[in-house]
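When a ligand or atom number is given, it counts from 1 through the structure's own listing order.
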Amino acid sequence: MKILVDANVPAAETCFAALGEVVRLPGREIDAASLRDIDALVVRSITRVDETLLAEASRLRFVGTCTIGTDHVDTRLLAERGITFASAPGCNAEAVVDYVLISLLTLAERQGWRLAERRVGVVGAGNVGGRLLARLSAMGIDCLACDPPRVEAESVEAERAGRVDAEEEAPAGFVNLDTLIDECDVLCLHTPLVRQGPHATHHLLDAERIAALAPGSLLLNAGRGDCVDGQALRARLSGEGDFSAILDVFENEPGVDASLADLAEVATPHIAGYSLDGKLRGTHQITRALCRAFGLPCRMTLEELLPTPPLRSLELGEGLEQEEALRLAMRAVYDPRRDHDSLRRASRRQGMARGFDACRADYPLRREFATLEVALAEEDRHLATLMAGAGFRVRRRLE
Ligand SMILES: NC(=O)C1=CN([C@@H]2O[C@H](COP(=O)(O)OP(=O)(O)OC[C@H]3O[C@@H](n4cnc5c(N)ncnc54)[C@H](O)[C@@H]3O)[C@@H](O)[C@H]2O)C=CC1
Ligand SMILES: O=C(O)C(=O)[C@H](O)COP(=O)(O)O
């Protein structure tokens with residue numbers, strides 16, 4: 001079997017070489033000709049898997065994407081052609097949540113407010129949004145959520161189970177998008193890109209909704225760029241200076257609107273999910289799916305793939321304000337200002353499209369908050385709750 005794997009998929013040789021011959025190509029160079037003699041294709045989000053790409057893929061039996069999002073894949077076409085498809089749900093969700101928490105705390109520090117005093121609205125409460133809500137709630141932050149497809153699915157499920165009281169009732173904390181916009185100071189967008197249907201998300205935040213975001217509020221988008229009308233967002237950000245954005249995703253990547261990126265407080269090149277843990281989980285999930293599709297045994301475990309983190313333990317002394325302590329621990333693992341700065345530098349040097357891709361291709365080692373154990377004094381009980389809520393392992397400091 002011949003397996004073509006995107007060059008940005010880590011551990012591909014370790015995972016796939018026992019199953020067949022592994023060929024590597026940068027994601028944007030995978031084209032119809034390169035698929036002529038390929039049995040299995042493993043991509044990330046930058047390879048559009050459509051009719052044009054599959055024009056000569058007569059041997060192809062499997063397509064896997066080591067990503068959560070699937071909007072780059074024509075799944076209906078694959079089903080019609082009898083090609084097995086797999087994605088990697090949830091693989092980098094923890095990394096995205098890490099990115100959101102430290103980015104919000106960074107903005108709080110820069111603008112002089114406390115996250116604890118803000119209400120956060122999460123749009124899309126799936127693997128990413130659901131984990132974000134859980135961590136924010138565990139940190140005592142006031143949250144609301146908006147997820148109409150999930151609310152509908154839960155009410156259908158409740159009806160099926162004969163629970164009449166659940167009829168059309170949204171779970172506690174779930175509201176519609178316009179209420180969320182009215183009632184929250186911070187809006188975090190974690191929806192997939194869906195172009196059609198009753199819950200389409202293309203320009204979910206359109207000019208009207210962007211105008212309705214309250215003065216002093218903040219929009220963070222780590223879902224897909226096309227879920228927000230970029231032109232309208234740029235216009236709002238160029239306005240009175242009463243509104244901020246943290247943007248990890250953009251319309252038209254990698255050739256994104258440089259003036260929009262410049263206006264964002266934090267602008268990163270679609271790397272919110274780029275922890276090594278998240279990428280390796282993706283590779284591992286797709287290895288298992290490929291083995292299942294070809295009836296092969298899969299002996300590789302995720303633990304075998306993951307190296308020991310460079311920083312395993314951090315001891316905090318007394319006297320730190322709580323959000324300051326959180327920032328310190330988070331930045332010991334990951335600091336999004338590094339990614340913001342490298343996008344600025346790379347886009348100035350090479351132009352936006354090449355700079356954006358270069359930052360993603362040469363991404364430095366990043367681990368997840370859960371890999372760090374934070375040691376605290378026994379009396380720091382509240383801080384211990386906050387640290388654990390934020391995703392760290394916490395232990396009592398030895399005096
Ligand atoms: N920036 C990055 O690096 C990353 C971005 N992503 C993006 O984030 C998206 C979400 O990831 P997951 O939470 O893992 O996906 P998921 O599929 O687990 O959850 C998505 C949630 O959004 C909800 N949703 C769908 N349409 C909606 C609408 N119109 N309004 C409100 N909610 C809606 C769904 O019901 C679902 O609960 C992915 O599809 C991907 O596009 C994912 C990983 C990394
Ligand atoms: O998992 C997803 O969905 C993502 O957005 C990925 O983290 C994006 O990474 P690439 O696939 O573009 O490397």
Side-chain angles (χ1 to χ4, degrees), residues 6-10 26-28 42-49 64-73 87-100 103 121-134 144-154 170-171 174-178 180-181 187-206 209 220-227 246-250 253-254 266-283 285-286 336 339 356-357 359-361 363 366:
D6 177 313
N8 196 14
V9 170
R28 295 198 200 282
V42 177
V43 295
R44 295 189 58 90
S45 77
I46 57 172
T47 306
R48 187 146 289 286
V49 181
T65 181
C66 302
T67 59
I68 293 180
T70 57
D71 49 283
H72 54 296
V73 180
S87 64
C91 63
N92 53 46
E94 296 292 347
V96 178
V97 178
D98 289 355
Y99 171 93
V100 173
S103 296
V122 176
V123 188
N127 277 303
V128 175
R131 282 170 166 86
L132 176 61
L133 285 162
L144 284 178
C146 161
D147 193 324
R150 179 170 154 185
V151 169
E152 264 178 40
E154 284 178 16
F174 280 71
V175 295
N176 69 43
L177 183 53
D178 295 315
L180 197 88
I181 288 173
L187 205 74
C188 296
L189 203 55
H190 299 289
T191 49
L193 174 60
V194 182
R195 290 192 181 274
Q196 278 168 353
H199 299 300
T201 60
H202 182 262
H203 286 191
L204 184 64
L205 285 197
D206 56 9
R209 285 189 168 130
L220 181 152
N221 187 7
R224 283 290 181 262
D226 293 282
C227 297
I246 296 173
L247 300 176
D248 180 55
V249 288
F250 299 83
E253 293 173 11
V266 178
T268 49
H270 195 153
I271 47 66
Y274 265 28
S275 64
L276 180 63
D277 314 57
K279 281 190 173 179
L280 287 176
R281 263 185 232 113
T283 311
Q285 280 174 242
I286 294 306
D339 294 331
F356 196 92
D357 269 353
C359 292
R360 287 157 55 77
Y363 197 70
R366 169 177 153 203

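When heavy-atom distances to ligand 1 are checked against a 4.0 Å cut-off, N92 comes that close only through its side chain, counted from C-beta outward. Here P89 has no heavy atoms under 4.0 Å from ligand 1, in either its backbone or its side chain. When heavy-atom distances to ligand 1 are checked against a 4.0 Å cut-off, R224 comes that close only through its side chain, counted from C-beta outward. The part of V96 lying near ligand 1 is the side chain, judged by heavy-atom distances below 4.0 Å. In T201, the part holding a heavy atom less than 4.0 Å from any atom of ligand 1 is the side chain. By the criterion of a heavy-atom distance under 4.0 Å, both the backbone and the side chain of D147 are placed next to ligand 1.
For the residue pair E154 and P171, the shortest heavy atom distance occurs at OE1-CG, 3.4 Å. Shown here for A88 and C66, the closest heavy-atom pair between the two residues is CB-C, 4.1 Å. The two residues D339 and Y363 come nearest to each other via the heavy atoms OD2-OH, 2.7 Å. When all heavy atoms of S45 and T65 are compared, the closest pair comes out as N-OG1, 4.5 Å. Nearest heavy atoms, V97 versus V128: CG2-O, 3.7 Å. Among all heavy-atom pairs drawn from H202 and L193, the shortest one is CA-CD1, 4.1 Å.
What sits closest to atom 30 (N) of ligand 1 on the protein, heavy atoms only, is P148 CD, 3.6 Å. H190 O, 3.2 Å is the protein heavy atom nearest to atom 10 (C) of ligand 1. The shortest contact between atom 8 (O) of ligand 1 and any protein heavy atom is with G223 CA, 3.8 Å. Annotation: atom 4 (C) of ligand 1 to nearest protein heavy atom, A222 O, 3.7 Å. Scanning the protein heavy atoms around atom 25 (C) of ligand 1, the nearest turns out to be P149 CG, 3.6 Å. The nearest protein atom to atom 20 (C) of ligand 1, hydrogens excluded, is given as P192 CD, 3.7 Å; this is a heavy-atom distance. The closest protein non-hydrogen atom to atom 1 (N) of ligand 1 is D248 OD2, 2.8 Å. For atom 16 (P) of ligand 1, the nearest protein heavy atom (residue, atom name, distance) is N127 N, 3.9 Å.
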Test D178 against R209 for side-chain contact (heavy atoms from CB on, under 4.5 Å), laying out the working first. CA-CA 8 Å; D178 295 315; R209 285 189 168 130; 2.9 Å; yes

Pair Y274, N8 - check side-chain hydrogen bond (donor to acceptor under 3.5 Å, both in side chains), show working. CA-CA 11 Å; Y274 265 28; N8 196 14; 3.1 Å; yes

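Considering each of V128, V97, V249, the one bringing a non-hydrogen atom nearest atom 13 (O) of ligand 1 is V128. The residue from G124, A125, G126, A153 that puts a heavy atom closest to atom 32 (N) of ligand 1 is G124.
The closest approach between any non-hydrogen atom of V194 and ligand 1 is not below 4.0 Å.
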Starting from the N and O atoms of ligand 2, collect every protein N/O partner closer than 3.5 Å and put each pair on its own line with the distance to 0.1 Å.
from, atom 1, to, atom 2, distance (Å)
ligand 2, 1 (O), I68, N, 2.8
ligand 2, 1 (O), N92, ND2, 3.0
ligand 2, 3 (O), I68, N, 3.4
ligand 2, 3 (O), G69, N, 2.7
ligand 2, 3 (O), R224, NH2, 2.9
ligand 2, 5 (O), R224, NH1, 2.9
ligand 2, 5 (O), R224, NH2, 3.3
ligand 2, 5 (O), H270, NE2, 2.7
ligand 2, 7 (O), N92, ND2, 3.2
ligand 2, 9 (O), R44, NH2, 3.3
ligand 2, 11 (O), R44, NE, 3.3
ligand 2, 11 (O), S45, N, 2.7
ligand 2, 11 (O), S45, OG, 3.2
ligand 2, 12 (O), S45, OG, 2.5
ligand 2, 12 (O), R360, NH2, 2.3
ligand 2, 13 (O), R44, NE, 2.7
ligand 2, 13 (O), R44, NH2, 3.3
ligand 2, 13 (O), Y274, OH, 2.5

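Proximity of a side-chain donor or acceptor of R44 to a complementary backbone N or O of G27 within less than 3.5 Å is not detected. With hydrogens and angles disregarded, a donor-acceptor distance shorter than 3.5 Å links the side chain of T201 to the backbone of P192. Looking only at distances, a side-chain donor or acceptor of T283 sits under 3.5 Å from a matching main-chain atom of P10. A distance-only check finds a donor-acceptor pair linking the side chain of D248 to the backbone of H270 [under 3.5 Å]. For the pair R366 (side chain) and I271 (backbone), a donor-acceptor distance under 3.5 Å is present. A donor-acceptor pair under 3.5 Å links the side-chain atoms of Q285 to the main chain of P89, judged by distance alone. Looking only at distances, no side-chain donor or acceptor of R224 sits under 3.5 Å from a matching main-chain atom of V249. Side-chain atoms of N127 never come within 3.5 Å of backbone atoms of G130 as a donor-acceptor pair (strictly under, hydrogens ignored).
Close approach to H270 involves these atoms of ligand 1, each under 4.0 Å from a residue heavy atom: 1 (N), 2 (C), 3 (O). The H199 neighbourhood of ligand 1 comprises atoms 26 (N), 29 (N), with distances under 4.0 Å to a heavy atom of that residue. Taking a cut-off of under 4.0 Å to the non-hydrogen atoms of C146, the atoms of ligand 1 that pass are 31 (C), 32 (N).
Considering backbone and side-chain N/O of G273, one or more are found under 3.5 Å from N/O of ligand 1. Checking only distances, I68 never comes within under 3.5 Å of ligand 1, N or O to N or O.
Partners of F174 according to the ring pair (Phe, Tyr, Trp, His ring centres under 6.0 Å) rule, which considers only residues two or more places apart in sequence or in another chain, do not exist here.
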